[in-house]
Amino acid sequence: GDKKVAVDCYQKAYNADSTNTVVCFNLAKSTWESYQDTAKALSIIDKLLDNDITNAEYYNLKGYICYQAGDSASADANFNLAIKNGNLAQAYNGKGLIQMRAGNYSEAIKLFNTAISTNLNYGDAYINRGIAKETFDDYAGACEDFLRATELGAENANEYYTKQCK
């Protein structure tokens, strides 16, 4: 649908000017989200990083791509670089996801807490913290997090709230 149209538009813009960093970033992101083309997305991100090694957004996106591809070590390294360069909430959320995947739910909750403390309106961190809280049978705490994420308009938050809390 619309995401694939966006990829086509970004690809045309990229073909016209491969030095436009906004186009490159959006092409990498949309390629990964629409087609799960990890290799192409990482190739574009690496090109961006060749020209700007301090851009936290690039490291953060690379972290999430690596995480989705199952490469937790590379994801963690990129999230650390994102944090070093100023992208705190999303990177701490990503590090929390890595810890959840590894079954380290207490550590994951700490990382989600850090993500939330750096951005009180970051709905995804509330959802993820709620999921982690459920592993400790803290259903009231999980529901509070799902409700807050719903209030913030986070994608899928209402599904978690409705399924787990009503």
Side-chain angles (χ1 to χ4, degrees), residues 1-7 10 21-22 25-38 41-42 44-45 48 55-72 74-166:
D2 293 338
K3 287 184 178 181
K4 292 181 180 180
V5 170
V7 172
Y10 288 127
T21 58
V22 173
F25 180 82
N26 287 324
L27 177 61
K29 185 175 181 184
S30 61
T31 297
W32 170 57
E33 290 175 344
S34 298
Y35 296 105
Q36 287 72 50
D37 189 340
T38 302
L42 289 176
I44 296 167
I45 294 293
L48 288 166
N55 190 306
E57 280 190 76
Y58 301 164
Y59 288 116
N60 198 56
L61 179 58
K62 188 172 180 181
Y64 278 98
I65 293 169
C66 291
Y67 171 78
Q68 289 293 331
D71 185 352
S72 293
S74 293
D76 193 56
N78 281 285
F79 290 136
N80 286 336
L81 289 165
I83 290 166
K84 177 183 173 188
N85 289 289
N87 189 329
L88 301 176
Q90 289 180 317
Y92 280 114
N93 184 64
K95 288 175 72 66
L97 290 171
I98 292 168
Q99 292 302 314
M100 270 203 331
R101 179 184 278 167
N104 301 325
Y105 297 102
S106 293
E107 185 61 27
I109 289 172
K110 290 177 191 174
L111 290 160
F112 297 136
N113 287 342
T114 303
I116 291 165
S117 72
T118 60
N119 180 352
L120 296 174
N121 296 316
Y122 188 39
D124 288 349
Y126 286 97
I127 292 171
N128 294 328
R129 186 174 71 177
I131 293 167
K133 284 179 177 180
E134 287 182 321
T135 66
F136 294 104
D137 297 329
D138 180 5
Y139 298 110
C143 287
E144 287 176 16
D145 283 347
F146 296 148
L147 178 60
R148 181 67 182 130
T150 299
E151 293 167 351
L152 292 170
E155 188 175 343
N156 300 321
N158 194 47
E159 289 176 40
Y160 281 103
Y161 183 74
T162 301
K163 182 179 174 187
Q164 305 298 97
C165 306
K166 289 191 174 187

Atom pair CG/CG of N78 and N87 - distance to nearest 0.5 Å: 11.5 Å
N113 to R129 - nearest heavy-atom pair and separation: OD1-NH1, 2.7 Å
Would a distance-only check, ignoring hydrogens and angles, find a side-chain to backbone donor-acceptor pair under 3.5 Å from N85 to L81? yes
Worked verdict on Y122 versus I116 for side-chain contact (heavy atoms from CB on, under 4.5 Å): CA-CA 6 Å; Y122 188 39; I116 291 165; 5.7 Å; no
Quick one: does any side-chain atom of T135 pair with a main-chain N or O of I131 as donor and acceptor, under 3.5 Å? no
Strictly distance-based, threshold 3.5 Å: is any side-chain N or O of N104 a donor or acceptor partner for the main-chain N or O of E107? no
Which pair of heavy atoms, one from S106 and one from F136, lies closest together, and at what distance? OG-CZ, 3.3 Å
I need the minimum non-hydrogen distance between G130 and A142, along with the two atoms involved. O-CB, 3.3 Å
To the nearest 0.5 angstrom, please state how far the CD atom of Q90 sits from the CD atom of E57. 7.5 Å
If you look at every heavy atom in A82 and A91, which pair is closest and at what distance? CB-CB, 3.9 Å
Checking side-chain polar atoms at under 3.5 Å, does D124 have a donor or acceptor matched by the opposite partner on Y126? no
Determine, step by step, whether Q164 and E134 satisfy the side-chain hydrogen bond (donor to acceptor under 3.5 Å, both in side chains) criterion, reporting the C-alpha distance in whole Å, the side-chain angles of both residues, the deciding distance to 0.1 Å, and the verdict. CA-CA 9 Å; Q164 305 298 97; E134 287 182 321; 2.5 Å; yes
Could you walk me through whether Y160 and F146 satisfy the ring pair (Phe, Tyr, Trp, His ring centres under 6.0 Å) test, starting with their C-alpha distance in whole Å, then the side-chain angles of each, then the deciding distance to 0.1 Å, before giving a yes or no? CA-CA 6 Å; Y160 281 103; F146 296 148; 5.2 Å; yes
Measure the OG-CZ distance between S30 and F25 for me, rounded to the nearest 0.5 Å. 10.0 Å
Is there a donor-acceptor pair under 3.5 Å between the side chain of N26 and the backbone N or O of V22? yes
If you round to the nearest 0.5 Å, how far is CG of D138 from CG of D145? 8.5 Å
Mind checking the CG-CG spacing from L152 to N121? Nearest 0.5 Å is all I need. 5.5 Å
Donor-acceptor under 3.5 Å (Q36 side chain, E33 main chain): yes
Begin with the C-alpha distance, continue with both residues' side-chain angles, and end with the deciding distance and a verdict on side-chain contact (heavy atoms from CB on, under 4.5 Å) for L42 and W32. CA-CA 9 Å; L42 289 176; W32 170 57; over 6 Å; no
Using a 4.5 Å cut-off on heavy atoms from C-beta on, say whether the side chain of Q68 contacts that of T38. no
Quick check against the 3.5 Å criterion: does D71 have a side-chain atom that pairs as donor or acceptor with the backbone of S74? yes
Taking atom NZ of K29 as the centre, report whether more than 12 heavy atoms of other residues, nucleotides or ligands fall under 6.0 Å from it. no
Grab the two heavy atoms, one from N119 and one from A89, that are nearest each other, plus how far apart they are. CB-CB, 3.7 Å
Could you go through the side-chain contact (heavy atoms from CB on, under 4.5 Å) check for N55 and L48 one step at a time? CA-CA 9 Å; N55 190 306; L48 288 166; over 6 Å; no
Would you indicate whether the side-chain heavy atoms of K95 and I83 approach each other to under 4.5 Å? yes
Note, L97 side chain near N128 side chain (heavy atom, < 4.5 Å): yes
CZ-SG distance between R148 and C143, expressed to the nearest 0.5 angstrom: 16.0 Å
Walk me through whether I45 and L61 qualify under side-chain contact (heavy atoms from CB on, under 4.5 Å). CA-CA 8 Å; I45 294 293; L61 179 58; 3.4 Å; yes
Y64 and F79 aromatic ring geometry - parallel, tilted or perpendicular at 30°/60° bounds: perpendicular
For D37, all residues meeting side-chain contact (heavy atoms from CB on, under 4.5 Å), sequence neighbours excluded: T31, Y35, A39, K40
Distance-minimising heavy-atom pair for I65 and A41: CD1-CB, 3.7 Å
Sorted by chain and residue number, the side-chain contact (heavy atoms from CB on, under 4.5 Å) partners of S34 (sequence neighbours excluded) come out as K3, K4, V7
Looking at side-chain heavy atoms only, is the closest gap between D76 and Y67 below 4.5 Å? no
